[in-house]
Amino acid sequence: MHKQSTSYFELVLTIAFPNTQNPIPNLLHCISSSILPPQNPPKNLPEFFLPSPISSSLSHEETPVSVMSTPIPREWLGLQQFPAATQTKLFELLGKLKQENVNTLTILVMGKGGVGKSSTINSLLGEQVVRVTAFQSEGLRPVMASRMWAGFTLNVIDTPGLVEAGYVNHQALQLIKGFLLNKTIDVLLYVDRLDAYRVDDLDKQIVRAITNSFGKDIWRKSLLVLTHAQLCPPDGLKYDVFSSKRSEGVLKAIRVGARIRKKEFDDSTIPVVLVENSGRCNKNDNDEKILPNGEAWIPNLVKAITIVATNKSQAIVVSKKLVDGSDANDRGKLWIPVILGLQWFVIKWIQGAIKRDIATGNGPI
């Protein structure tokens with residue numbers, strides 16, 4: 001019985017591999033190739049960035065979800081999909097983060113709907129982690145993608161658009177705050193489009209709503225991302241001039257909407273990165289995606305994220321108090337004891353003046 005079963009198995013292998021005398025090694029090779037991803041790291045890669053074989057073998061499984069809907073990080077295989085030149089730059093930047101003892105980085109992506117938030121996340125990770133479909137509305141809830149590489153974990157949180165029917169969607173903000181409960185925001189990517197030609201009051205209202213939800217300090221940990229950057233500027237403007245004017249307009253809206261003083265705003269300038277997520281993005285000789293000005297934008301984006309993540313400002317911790325609806329900018333409450341103290345002194349002074357008037361007979365008849 002055992003012999004008959006073995007012969008049948010060998011017959012199947014012979015049909016599958018007709019030109020091979022010993023088909024079993026070929027079968028094992030096919031199985032291992034389907035499980036293990038291709039390894040193509042750039043040259044001179046530091047040892048601590050080499051992926052572990054065990055974790056790589058699990059990379060194609062569905063991402064398990066742990067308690068509190070926080071995904072368990074998967075191996076960041078998208079890094080290996082970038083061109084070698086881009087990989088080298090990214091590993092260098094990630095190495096700087098590790099030198100700063102930054103082993104976990106959480107990026108929050110916010111902005112209006114349809115500006116390219118999800119596409120930017122896919123480009124950043126080098127994987128299709130968030131579904132992007134034309135003519136289809138965005139998801140109604142935040143989604144977090146977690147990727148790990150050599151002990152470094154990157155969490156990127158996609159969020160629904162902050163505008164609904166021409167008004168700020170405060171319900172979406174509440175959902176975002178609830179999702180972020182007890183999480184730490186290391187970097188905020190505020191996303192808008194480069195090919196939008198004006199800034200209106202709605203932009204300021206969006207910024208004000210974000211500020212009221214997370215506090216002014218979130219802008220110290222922010223980065224402005226302008227998508228749809230593969231364009232020909234109107235009116236014969238040079239590309240750099242147009243992108244600079246557009247950036248200045250959005251940055252001014254952030255300053256006004258967040259009620260940040262100009263000097264305070266200048267002291268902590270928000271970096272600006274231009275992005276082109278579409279397949280029509282030009283490439284250089286190293287096969288890197290580049291903008292019309294020749295800059296490879298993916299390394300530029302990661303570099304800006306690194307700078308913001310390691311600046312002197314504190315990361316934003318989303319506490320229960322903030323989620324429950326208290327104003328994140330309620331620092332004015334610190335003045336309440338001072339005001340009450342002044343009132344007490346004024347009342348005491350008035351009472352003393354009345355007593356003196358009565359004692360001297362100068363009071364009212």
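Proximity of Tyr190 to Ile270: side-chain heavy atoms (C-beta onward) are nowhere separated by under 4.5 Å. In this structure, the side chains of Leu226 and Val273 stay at 4.5 Å or more apart for every pair of heavy atoms. Using a 4.5 Å heavy-atom threshold, the side chains of Lys89 and Lys303 count as separate. The shortest side-chain heavy-atom distance between Trp219 and Arg255 does not fall under the 4.5 Å cut-off. When side chains are defined from C-beta on, Val318 does not count as touching Asn182, because their heavy atoms never get closer than 4.5 Å. Side-chain contact between Thr227 and Asp192 is absent, with no heavy atoms from C-beta onward closer than 4.5 Å. Annotation: side chain of Lys252 is not in contact with side chain of Val199 (no heavy-atom distance under 4.5 Å). Contact of the Arg147 side chain with the Val156 side chain is not registered, since no non-hydrogen atoms from C-beta on lie closer than 4.5 Å.
Atom CG in Asn277 sits 4.0 Å away from atom OG1 in Thr120 (nearest 0.5 Å). Within the model, atoms CG of Leu90 and CD1 of Ile298 stand 7.5 Å from one another, a figure rounded to the nearest 0.5 Å. Here the CG atom belonging to Leu274 is positioned 7.5 Å from the CD atom belonging to Glu295, to the nearest 0.5 angstrom. In this structure, the separation between CD on Glu127 and CD on Gln80 is 9.5 Å, given to the nearest 0.5 Å. Separating the CG atom in Leu189 from the CG atom in Leu224 is a distance of 10.0 Å, to the nearest 0.5 Å. To the nearest 0.5 angstrom, His170 atom NE2 is 10.5 Å from Lys177 atom NZ.
Val302 and Ile290 are assigned to two separate hydrophobic clusters, defined by single-linkage of ILVMFWY side chains at heavy-atom distances under 4.5 Å. Connection of Val346 to Trp349 is established within a shared hydrophobic cluster, with ILVMFWY side chains joined at heavy-atom distances below 4.5 Å, either directly or through further cluster members. When the side chains of ILVMFWY residues are joined at heavy-atom separations under 4.5 Å, either directly or via intervening members, Ile305 and Leu251 end up in a single hydrophobic cluster. Clustering ILVMFWY residues whenever any of their side-chain heavy atoms sit less than 4.5 angstrom apart, transitively, puts Val317 in a cluster other than the one holding Leu181. Tracing side-chain contacts under 4.5 Å through hydrophobic residues (I, L, V, M, F, W, Y), one reaches Val272 starting from Leu108; they form part of the same cluster.
A tilted orientation is assigned to the rings of Phe91 and Trp149, their planes being inclined by 30° to 60°.
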>> The test is side-chain contact (heavy atoms from CB on, under 4.5 Å); show your working for Ile218 and Thr211 and say whether it passes.
In response: CA-CA 7 Å; Ile218 195 169; Thr211 306; 5.6 Å; no
>> Run Lys289 and Asn282 through side-chain contact (heavy atoms from CB on, under 4.5 Å) and show every step you take.
In response: CA-CA 6 Å; Lys289 292 183 176 182; Asn282 294 329; over 6 Å; no
> Can Leu124 and Ile107 be said to form a side-chain contact (heavy atoms from CB on, under 4.5 Å), step by step?
Replying inline: CA-CA 11 Å; Leu124 174 62; Ile107 300 173; 4.3 Å; yes
>> For Ser123 and Trp297: C-alpha separation, side-chain torsions, deciding distance, then whether side-chain contact (heavy atoms from CB on, under 4.5 Å) applies.
In response: CA-CA 10 Å; Ser123 297; Trp297 69 263; 3.4 Å; yes
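Inspection of the Lys221 and Asn311 side chains reveals an N or O donor paired with an N or O acceptor under 3.5 Å. In summary, the side chains of Glu100 and Thr310 do not present any donor paired with an acceptor at a separation below 3.5 Å, with no hydrogens or angles considered. No side-chain donor from either of Ser313 and Asp217 sits under 3.5 Å from a side-chain acceptor of the other.
Annotation for Lys98 and Gly151: closest pair NZ-C, 4.3 Å, computed over non-hydrogen atoms. Closest heavy-atom contact between Leu105 and Val102: CD1-CG1, 4.3 Å. Closest approach of Asn155 and Ser146 over heavy atoms only: OD1-OG, 2.7 Å. Contact record, Pro299 with Glu288: CG-OE2, 4.0 Å, taken as the closest heavy-atom pair. In terms of heavy atoms, Ser243 sits closest to Leu194 at CA-CD1, 3.8 Å. Among all heavy-atom pairs drawn from Leu173 and Ala209, the shortest one is CD1-CB, 3.5 Å.
A donor-acceptor contact shorter than 3.5 Å links the side chain of Asn212 to the backbone of Arg208. With Thr159 contributing its side chain and Val109 its backbone, the two residues share a donor-acceptor pair below 3.5 Å. Side-chain N or O atoms of Asn169 include none that pairs as donor or acceptor with a backbone N or O of Glu164 at under 3.5 Å. With hydrogens and angles ignored, the 3.5 Å screen pairs a side-chain donor or acceptor of Asp186 with a backbone N or O of Thr106. At distances below 3.5 Å, not a single donor-acceptor pair connects side-chain atoms of Ser119 with backbone N or O atoms of Gly116. With Thr86 contributing its side chain and Phe82 its backbone, the two residues share no donor-acceptor pair below 3.5 Å. In this structure a side-chain-to-backbone donor-acceptor pair under 3.5 Å is present from Glu276 to Gln230. Side-chain atoms of Tyr197 never come within 3.5 Å of backbone atoms of Pro234 as a donor-acceptor pair (strictly under, hydrogens ignored). For Lys117 (side chain) and Lys112 (main-chain N/O), a donor-acceptor pair under 3.5 Å exists by modelled atom type.
Just one of Thr153, Leu154, Thr104 meets the side-chain contact (heavy atoms from CB on, under 4.5 Å) condition when paired with Pro73; it is Thr153. Tested against Val168 for a side-chain contact (heavy atoms from CB on, under 4.5 Å), the candidates Leu202, Val163, Val207 yield a single pass: Leu202.
Around CD of Gln314, the count of heavy atoms belonging to other residues, nucleotides or ligands within 6.0 Å does not exceed 12. By the neighbour-count criterion of 12 heavy atoms within 6.0 Å, atom CG of Asp201 is densely surrounded, having more than that number from other residues, nucleotides or ligands.
Taking the charged nitrogens against the carboxylate oxygens, Asp195 and Arg246 have no contact shorter than 4.0 Å, which rules out a salt bridge.
The side-chain tip of Lys183 points at the ring of Phe179 from less than 6.0 angstrom away and within 45° of straight on.
Taking the six-membered ring for Trp, Phe152 and Trp76 have ring centres at least 6.0 Å apart.
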